[in-house]
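Down below is the structure, laid out as structure tokens.
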Amino acid sequence: MPRNREKKNQKSAPYRIWGENLDIEAIRQMDNACSLPISVKGALMPDAHKGYGLPIGGVLAVKNAVIPYAVGVDIACRVKMSVLDLPFQEYEKNRGKFKIALETETRFGVGQGFARPRQHRVMNDNWSFCPQVRNLKDKAWKQLGTSGSGNHFAEFGQLMLEKNDFGLEKGIYLALLTHSGSRGTGAAIAKHYSALAKKLHPELPRHLNNLAWLDLKSSEGEEYWQAMELMGRYASANHDIIHTGVLHHLGAISILSLENHHNFAWKEQLGHREVIVHRKGATPAGKDVPGIIPGSMASPTFIVRGLGNEAAMCSAAHGAGRKMSRTAAMKKFKQSDMIKLLNQRGITLISAGIDEIPMAYKSIETVMDQQKDLVEILGRFDPKLVKMAPPDRYAKKRTGKK
DNA sequence: ATGTCC
């Protein structure tokens, strides 16, 4: 539904909403994004909620420009699944070994890296095309193979493939699922280029400030694009290291691997013209494109195949979406509430903050129902062993303040 | 989501 509140004499780009009763703030942010003179078309996914500039769950096509905060702070945030060659029962027989594998092969928490950094060919890429990126190379190296914080996780679970697919037979498998991004490096790049975009667009009113863009033909725009693509390869390397390390630790091999970004921008065709499509907290869902849509730590993740719906610019939700802020969740629930729920569902939690409690999320099943015209479900993954960042030691202080 | 100005 096109909206046109900000400028009466200039037509806003149209956008459609999937899902019901979405966060009013997210809708307002989408209105704002579609009112930009560069905007061509938008879409709002059923897991949408408020973010910086573009909402999480926002899809935005623009002309010849890129908006750093429409890509997101965690540039190239990504999910990856590896199906193991071990039967699922192998996990039940030897949980301790799987736990140690997750503990050993990645690191969680803000600022965390490896004391003995991992190696990856992505570090041989060009990191010297601008000073901002060059100065971050050392941090990026130390954080290779880490998972970060927030909603990021590493987990083992049971994958149920609904039919013969991906060269595998219908049935039950043991799988590793991870959610990580470009860590401190990507965040620093996002922050730098968004500040630069704001400086280049002093004419933007305050409510559009976080949507400041870089012209793709400008040196700044080209530089951001190059940095964003490097972060794409870097985030992919992080998952690669985790999966290679964990599987090696277990003496397992991968019989199927699936992965996708959900914070990124792509050059795509929209009708006859080339546009830049930003997907911020949105899964690419082009025709027959496989994707992963995670729920919370106690609800399923869905393996999907895109239906190529053009109204949504070939996109889908990237998860259940929060229904409660982190602060509200920390105020309302205790650690024991989380443990109780996980026990009921037979899930072992290694660590997580209360702000990630499943009750703070919408129902993933509802979100999937609301996007039946965007993706087809091919399988579900039920988490069994979950690791997330341990509680933030300032969390209590912050909730106390509000 | 990050990292530190708490």
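The chains referred to below are lettered A, B, ... by the order of the sequence lines, with proteins before strands, and numbering in each begins at 1. Keep in mind it's a predicted model, so treat the numbers as computed, not measured.
The separation between A/I56 atom CD1 and B/dT2 atom C1' is 14 Å, rounded to whole Å. For the pair A/R326 CZ and B/dT2 P, the interatomic distance rounds to 10 Å; values are reported in whole Å. Counting to the nearest Å, the C1' atom of B/dT2 and the OH atom of A/Y234 are 12 Å from each other. Rounded to whole Å, atom P of B/dT2 lies 5 Å from atom CZ of A/R183. Rounding to whole angstrom units, NZ of residue A/K142 and P of B/dT2 are separated by 18 Å. If you measure from atom CD of A/Q143 to atom C1' of B/dT2, you get 9 Å, rounded to the nearest angstrom.
In summary, of the residues considered (A/V386, A/I350, A/I242), a side-chain contact (heavy atoms from CB on, under 4.5 Å) with A/L102 occurs for A/I350 alone.
Using a 4.0 Å heavy-atom criterion, one finds that A/Q112 contacts no nucleic acid atom at all. Residue contacts for A/Y69: at a heavy-atom cut-off of 4.0 Å it reaches no nucleic acid atom on any strand shown. No contact: A/K280 has no heavy atom under 4.0 Å from any strand.
Counted within 6.0 Å of CG on A/N21, heavy atoms from surrounding residues, nucleotides or ligands total 12 or fewer; the atom is thus considered open.
With hydrogens and angles ignored, the 3.5 Å screen pairs no side-chain donor or acceptor of A/E274 with any backbone N or O of A/K267.
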- Task: Take A/V275 and A/K41 through the test side chain to side chain contact (heavy atoms under 4.5 Å, CB included) and record every step on the way to the result.
- Result: CA-CA 10 Å; A/V275 291; A/K41 185 173 172 175; over 6 Å; no
- Message: What verdict does the side-chain hydrogen bond (donor to acceptor under 3.5 Å, both in side chains) test give for A/H179 and A/H318, after you've listed the backbone C-alpha separation in whole Å, the side-chain angles of each residue and the deciding distance to 0.1 Å?
- Response: CA-CA 11 Å; A/H179 183 194; A/H318 84 312; 5.9 Å; no
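Side-chain contact between A/L378 and A/F166: present, with at least one pair of heavy atoms (C-beta onward) separated by less than 4.5 Å.
Only at 4.0 angstrom or more do the heavy atoms of residues 237-245 of chain A sit from any atom of DNA chain B, so none qualifies.
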